[in-house]
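All chains are named by letter (A, B, ...) in the order of the sequence lines, taking the proteins before the strands, and each is independently numbered beginning at 1.
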Amino acid sequence: MAIPPDPSTFDIAGTYHQLLTSDPDLTMPVAAIESLIHALSAQNPTTVSETLDLVQKLTTQLKSSVRNPISLSAGTDLFQQYLVANLQRPTSITRGRDIDFEDVRRHLVQNGRLFVRRAKEARETIARFGTRFVRDSDVVLTTGGSRVVGALLRQAAEAGVRFRVIYVVSTQNDNGEGHPHISTLRKLGIPVATIPPTAMAYSMNAVTQTFVGAEGVVENGGIVSRLGTYQLAILAKNAGKPVYVVAESHKFVRLFPLGQWDLGIKQDILQFSTGGEGAGKEGGKEEDEGVADLEGKDGEEVWVDYTPPHLISGIITESGVLLPSAVSEELIKIWF
Amino acid sequence: MPEPVTASEQAKPPAAIPEEPKLSPAELKKKAKAEKQARRAVQKEQQGPPDTRPKGGQQKSQQPQQKQNKQASLDSKHHERPGSSQQSLPLRRRPSQSDATKEREQPKKGSKQVELFSHLYTQPRRHTIEGASKDIHPAVLALGFQMSSYEICGSSARCVAMLLAFKESIQAYTTPNNWALSRHLNSHYLSPQIDYLKSCRPISMSMGNAIRWLKNLIGKVDPNMPEQEAKDFLCGEIDRFVHERITISDQAIATTASAQIRKGAVLLTYGKSSIVEKTILQAYANGTEFRVVIVDARPLFEGKQLATSLMRAGIEVEYLPFSGITHAVKQASLVLLGAHAMLSNGRLQSRVGTASIALAAHEEHIPVIVCCESVKFSDRVTLDSIVMNEVAPSEELFLPARVEAHAENQASNQEISKGGDDANGGAVRSLRDWKDIAGLQILNLMYDVTPAEYIRMVICEYGSVPPSSVPVVHRLANEGM
Amino acid sequence: MAPKGKKGATKSNKAEEEHDEPLQAVVLADSFEQRFEPFTIEKPRCLLTLANTPLIEYTLEFLAGSGVEEVYLYSSNHTDQVEDYLNHSRWTQETSPFSLEIIRSTSTSIGDCMRDLDQKQLIKGDFICVYGDVVANISLEGALAMHKARREKNKNAIMTMVLREAGDYHRTKSQHMRRCFVIDAETQRCVHYEQVRPRDSPRLNIPEEVLKDHVEIDVREDLIDCGIDICTPDVLAQWSDSFDWKMPRRDFLHGVLQDYETFQRTIHAHVVSEGYAARVNNLRAYDAVSRDAVSRWTYPLVPDCNLLSDQTYHMSKGVVYKEESVMLARSSLVGKKTVLGKATSLGEGTVVNNSIIGRRCVIGKRVQMDGAYVWDDARIGDDSVINGAIIADGVSVGKKCHVKRGALLSYGVSVADGTTISENTRVTRRKRKRGYDSDDVVHGVTDPKVVGKGGEGFELELDMEEEDVLEALMAGIQHTDLTEDGDYSDFQYEDEEDMAQEHAHDMTSRSGSFGSVGSEESGETRRNAADFHHEASNSIFDSLQKGHDPDNIQLELKALRMSSNAGDSQVRRAVAVAFSKRIANLVEAGKSPKDAVAEAISPNQRLVRACVKAVEEQAEFMLFLQTDLVHRPQGSKTLLFASNTLATQDLVEAEGFEQWWEDERSSASEDLRAVRAETKQLVDVLVGDDDEEDEDDDDDED
Amino acid sequence: MPATTIPQTPSLSTYLKSLKHNDIETSIELFISLLKRRQIKNSRPCAIATTHLLLHVVAAERIRDASKLIQHVRDVGRRLVAAQPREMAVGNIVRRVLGVIREVAEEDQDAAGGTPLSPPTPLTPVPGETLQRPPLPTKMSEFSPLHGAAALPQDLLATAASSTQDWQSEDAAQRPLLPGSSTSYAGQPPSVTSLFSILQQPAGRSPFATPPTASQSPLIKPVPQTHDDEVKEKLDIKAEVINGIQELQDELDVVDTQIAESALDHIHSNEIILTHTSSQTVQRFLATAARKRKFTVVHAEAYPNDHEATHATIVNGGKKGSGEDEEGGDERWKPLTSMGITVILIPDSAVFALMSRINKVIMAPHTVLANGSLLAAAGAATIAQAAKHHRVPVVVLSGVYKLSPVYPFATDDLIEYGDPSKVVGFEEGEFMEKVDVVNPIYDWVDSELVDLYITNLGGCAPSFLYRIVADHYRVEDIDLSAK
């Protein structure tokens, strides 16, 4: 864990990317939190307001440093909100122990790794639901490289459930992030079929349920996820197949998109052109959050879309299956 | 238990006697004979619905038979009425009670009719030939009974039976002097017959089409064609009609439709349609492996006959009550439905309940196919199942005896338990007392209308068409000629 | 069941006033016959598992479900097992809904049990009498009520039979023998009872007085009689009064109906039209009831209601019941109507349909199973095919075996690789040694022809009636109605429905065949005859074995004979049969026919002499002997030596022999002739040559 | 003398009688076998029987401390549920009772040592209560049925849980309570810890601890308690628990009335209402409306499992046991017809045909599941679909005791298959042998086919049902099978 040498100018973005690369299993929100903590420990704000101010700055800095800060912001917002919740409080007494700014700070600084561990535990927990969702003779449709989904299916496979998988892999770039999962499943004896996104509607009848990962779960219970998820959800809904979103609860974002183009990020997907130039853009590798930051190479677009809640049957978090309608309550509770 | 059937078979002629004092013995004999002919004719008419075949016949009569027995007994218990000899009545006389009841209940009658459908409560179904005009041909009389008692049931079966009956009556007809056959036969001879049939049970679309066809055929008969010749011509035409429009059509449809049943298919059907049955047997004969799921409903339990005939044929059958629809569609891969009529707006009129099946199938994205001869196509259109429909006697919904008995004694126990502080004078009543319970109505619909969007394909002898092109076929088939 | 609550509520208030008496029930855990051989050799029938639950559980559950409070369970063979099982079951915990008392008895028939019960004075009020193999969920409420009502009116209404309505053909109904009840329509009184063979001219000889004094009678032949009777204590008294009764229907019911005139006792029938009721009293029924249970006709007594506390069945699509930790290979296929017990595993490519598989079974790869019943801990080798067979606990079937319809593999049998078990073979490792009345079970010699090299087990040779049962089983499995099996033995067989004693059973078929010889008897007397015959021949046989003093035997015989006023010829027949059996028995034990005969007859001459005096009697005796020996090992030899001894002891004189020899019945059938062939010279010698007679004989021989 | 034996065919009423004289173990066993024999079935009877049984269990228990009691009740519950998993009312009641016990235990502990520490914050209506809750793994898990339903690794929760302590109270104080959060004793004001879970202070103790139960609640600092006050306190624990259970029983008694109260808000004059089965709840609901308004009821008979009862209800009104569905409910009332309501009895098959003229569909479920979908008498799904096709609102009347925290993973598993002989007589030998006759008892109805739920706590949309469920069950109890 390299701590940046010079405290005065703390390179938040750098830390962030470094963290991600150093630990492939890390997710953006957690990474963000981590880097913020590092920042905190690096330079010691002495007062509450100072701290908040610092965090605020760093966050904005960090957000601006990546192209699609949605999932990342889940982490930073959470962190800020946490500080607010715990610092801006009449220093009251609970169970005799006086909790003040220092405690909080110490607590955070000391336990960076712990948080990461919990985050991973969360994923494992979710994975354990696999056996309940996937039954004998099911046909699961999934896509993208979401590690949670992967883990979930793996669990089911290891538990000896006799199911099959249809994996949607994008045609253009065949080094698609789904492949590690596909091969693991196949190793476990699970028959996997890979289809291009264009074949989704065609194969939908065979499907019994679909699982998708998410970059962020937004306030109305909808999700922001890799491009194509929306499409998949619509098709599934139309065919009456349940769509399950698999996401750790720290991916809940305080964001309320009204539609596809309301995500607060700029994606030049639609490039009307008359000539050949710019056509290359579609080649732009679509990535799932995890992998995106895994090799956080800039210039690589991470294209996402927004899937409204009415298409989602349930959100599987480490603490259970939520109805989309339950998400807003969660967020409400944090911010008010 | 075959007893009831045989019972009813034998019982027919004798039981008929008390009912019709007016008839001279001679007529009686004639009638009995006619009756037999009518029946034999229908049986002979193999393509006709198999439920008129002895076997099917048995199966069929069982259910109602039981019903009517205890019902008769019960009725005689509750409101003792002269004809409590009905106990022994053969099946086809059964509903006679119901309309006897209706007469008795004149005052309350209004309250017993569901307003929504008051337009459908035409004159009560006729079940006796009391007051049937003299010149109704015995064969037609017989047919009337068979229809009112579902002995002959199913749109095309009734149509065929009717035409055959007309054949006989036409043969028995003689043109009065200074009348042209083409003039007289229709209006003065055929019409009363038809009205009589209508009074037994409202006629079906196919019958309507057939009648229209026949009438205008008669109308076309060259006035100076010798009578016998004309009659023979007509009969020949009728035979041709039956042959072409039904026998052959059924074949064609069965062949087309059976091709739709693929290996390993799970076929879902509702109630019993003769064409669907033929299709399935055909497919089985073709050596296709498939399973059949039959959903059935009170009060007619037609599906049970279908199940029986299929199981006898050796097909793997699963049988579910109407409440099992969801269970049924979960496994089904194809839905085959019969029709009472195809309406010009692509909607299907068929045995009540069909729509629910179609809907459920539609929700599960299972293709719904309707098999229907073009003779059942109609130019009429309707949106709901309420305007055009048929209301059957409510008594048919009473439960079989043992259940009833069971209910009774549990009821009586309730009595004990509650010390008779009942709203209506203590006695715990059963459904059979419905006439005496103000505000209670029992609705026994015959048909419902399935929206076109639930139907993927209609198979008629002209091939497979989308519901939208029903009117096209109708023009072609029923008006073109 | 909803109404019950309310009924319960109302009635019990009423009941409170009346002093409370517990509802008692008697369970007859024994089937006094062996149609479940070879399984019943090692286990009592009531512990055989149906759909992986022991039969007795169903019965007790049924009783508990009808609110019984005291249960007496009669058991006379394998009683230890029964006791052991029950003592570890929930029925003997203090939480059990009723008190359960197991009564060991040495009885050899239902009758004995009943009499015994009567002496024990256990029964206070009315009680329910059922067999240990009843599977039922019908509610006895109505029956009890009506029974009670009748009792109040008339103390003589001593019994109510609960009968389930079933159609003309029904898989759970016996196809061999239709029980025909003639019931008075309004009093529900059973006025006449007969057993009719299907495909016989359905002639009932209903006594005319019945027809006279009953306005309206139903003749019901469409009923499943699973022996659920509601009895009053008088019933027991009845049993005791006539100590030769054995079977509740054939003897008791019939008897009571007989002397209705004198005692006015009435037996009523309660016909149920809802619910399920059946007896697992033969393999066919076993098959039928199993399938009923799996397809839920016995609801709620279905596998997934987990009668036993340790069961964890769960029903999934296509009527498949799986217990936890069932291991299915990915490519294995579990078809519809299948039950899989805990920790059972199916190998790759295995296909199972309509089968019930117990716990801890190991089914290999690519195995094909259809309609198979596999009990616990069995292992089936790869590529084997099993159709409609019963495979008992711990059986191991090798690779590439083929077990065909109706085959029964008893406990611990092992079949070597590549063996084919042909249809209807009953393979076992142990057999019952027909020793003293306690039958001891011994290991038999393995027969490689049956189980292949390295296998273990041999084929249990079958008596006629058991073949019928097998046909029945097959029939059941093939879902076909039982086809023509018109040998008269099945009359007897079904006739013994309820009884057929352990030892007597092989004789019953003889007596059957004999019945055809002495065919002038009316069915009625023949029945008594059959009775007397069993009793007599058994007792004689036993005493012969025990080497009792002939005089005592003689006395016993007399007593018996008095009791069931049997004719001399019956006595003779009994004696003859007893002897031949004894001899056969000795022969089996390894003696040479000669010694056997000597040992059997010589000490007991008086016995024989007592019953054969006149010449024709002697002839008849010989005839009986011959007829019986037909079925015995080394029959002809035995006959030879027997005749010899009889001659030398001159128990039978020359004329006797002559008459016998000339009697056309003695040469009626091929095997009759075969048997007596060897005796020919002897007879010739005795009778003194008589040519045309030789020719006769020659003619006979050809 | 058999007379006495006749009523003894076991059933709810006989069972309740027997409870008095039987010892606990016997009663439990008896109940189990009654469940297995389906001699007690359908939600209400099961619920009633369960409450009575548990009442006895608790009463009989000589508890040393609450956790033992909880454990005991849990075990009993587990056995009952195992006996007939598809009667979810049993499990629900057990959970409710467990909730009661925990509640009591905690309050009790407040008394023991909590109060001095709790700052009365104006924002928290019941400071004591919120403050002294055992730490919840996460708020979400509270309304995440799966959490329970799944045999879950408790480590994470434990970590989170044990770590919440320091922050919990303040959090609670932080924000206003959510609607419904304080509705019932079991409803816990959501603690804000949920999303923060990963940020909480690390647990000193192993993260792999079992989920905290009230007894080991980290809230109380291990104050060595003197034996005697422990005793007294335990005693009133028991008393209070019993009170709680009795409250539960009362709730069961009045549930229909409570639901019926809102009848007039939903039924207007001259509308045509379609219903199904002989549900007592629905009948009461309609009857209440009928006092003030005139309308028409179309009654589908629910053949083959409930039609006799339906007929009886229509003809004779409500009567104890008249509805299979409602055996044990002892209210009686006149048939609707006698209140001047027109009742039209139709076979199930005619539902679609009539739907176009129906204004409302009113149904009673067998069980309502956590995600707003429900199980109801077979045929309900068909009706709901027809209603949806005709845009007719579907209203579901359900007592809270029917709300189950179970998440429907595989809906087919929840459906009970009944006795085929109700469809085709057993006597029809050939038919029953050659044809597979199937008789499903329940239907699963998806939440999107339902427009409104009316519980005894009022109406709510299917999407909000999760909250009501959450309010009534404790996270720790959702999964009874976990030891």
Atom pairs and distances, donor-acceptor, side-chain atoms in residues 290-301 of chain B, under 3.5 Å, two or more places apart:
unit_1    : atom_1 : unit_2    : atom_2 : d
Arg291(B) : NH1    : Glu318(B) : OE1    : 3.2
Arg291(B) : NH2    : Gln331(B) : OE1    : 2.6
Asp296(B) : OD1    : Gly303(B) : N      : 3.1
Asp296(B) : OD2    : Gly303(B) : N      : 3.1
Asp296(B) : OD2    : Lys304(B) : N      : 3.0
Asp296(B) : OD2    : Tyr319(B) : OH     : 2.7
Arg298(B) : NH1    : Glu301(D) : OE1    : 2.6
Arg298(B) : NH1    : Glu301(D) : OE2    : 2.7
Arg298(B) : NH2    : Leu397(B) : O      : 2.1
Arg298(B) : NH2    : Phe398(B) : O      : 3.4

Do Glu453(B) and His389(D) make a side-chain contact, defined as non-hydrogen atoms from C-beta onward lying under 4.5 Å apart? yes
Do the non-hydrogen side-chain atoms of Ser394(B) and Leu345(D) ever get within less than 4.5 Å of each other? no
Max heavy-atom pair count under 4.5 Å with chain B, selected residue of Asp412(D), Val435(D), Asp348(D), Ile341(D): Val435(D)
Heavy-atom nearest pair, Tyr417(D) first then His327(B), reads OH-ND1, 2.8 Å
Report the distance from atom OG1 of Thr382(D) to atom CZ of Phe322(B), rounding to the nearest 0.5 Å. 6.0 Å
Under the rule for side chain to side chain donor-acceptor pair (under 3.5 Å), what residues qualify as partners of His390(D), not counting sequence neighbours? none
Structural part of Gln349(B) lying under 4.5 Å from a heavy atom of chain D: neither
Closest-packed option against chain B by number of heavy-atom pairs under 4.5 Å, given Ile441(D), Val297(D), Asp443(D): Asp443(D)
Candidate pair Leu445(B) and Ile346(D), rule side-chain contact (heavy atoms from CB on, under 4.5 Å), full reasoning: CA-CA 8 Å; Leu445(B) 280 182; Ile346(D) 58 167; over 6 Å; no
Can you name the closest pair of heavy atoms from Asp448(B) and Ser349(D) and give their distance? OD2-O, 4.3 Å
Residues Asn439(D) and Pro321(B): closest non-hydrogen pair is OD1-CG, 4.3 Å
Heavy-atom contact with chain D under 4.5 Å, split by part of Leu116(B): side chain
Going from CD on Glu430(D) to CE on Met311(B), what distance comes out if it is rounded to the nearest 0.5 angstrom? 3.5 Å
Distance in Å, Ser356(B) OG paired with Met355(D) CE, rounded so as to fall on 0.5 Å steps: 8.5 Å
Kindly state each residue pair satisfying salt bridge (Lys or Arg N to Asp or Glu O under 4.0 Å) with at least one member in residues 347-364 of chain B, sequence neighbours excluded. Glu302(B)-Arg351(B)
Name, in order of residue number, those residues of residues 381-389 of chain B that have a heavy atom at a distance of less than 4.5 Å from a heavy atom in chain D; otherwise write 'none'. Asp384(B), Ser385(B), Ile386(B)
Measuring only between side-chain heavy atoms, which start at C-beta, is Phe117(B) closer than 4.5 Å to Leu354(D)? yes
For the atom pair OG1 (Thr326(B)) and CG (Asp446(D)), what is the distance rounded to the nearest 0.5 Å? 12.5 Å
Given heavy-atom pairs under 4.5 angstrom as the criterion, report whether the side chain, backbone, both or neither of Leu440(B) touches chain D. both
First locate atom CD1 of Ile383(D), then atom CD1 of Ile325(B), and finally report the distance between them rounded to the nearest 0.5 Å. 10.0 Å
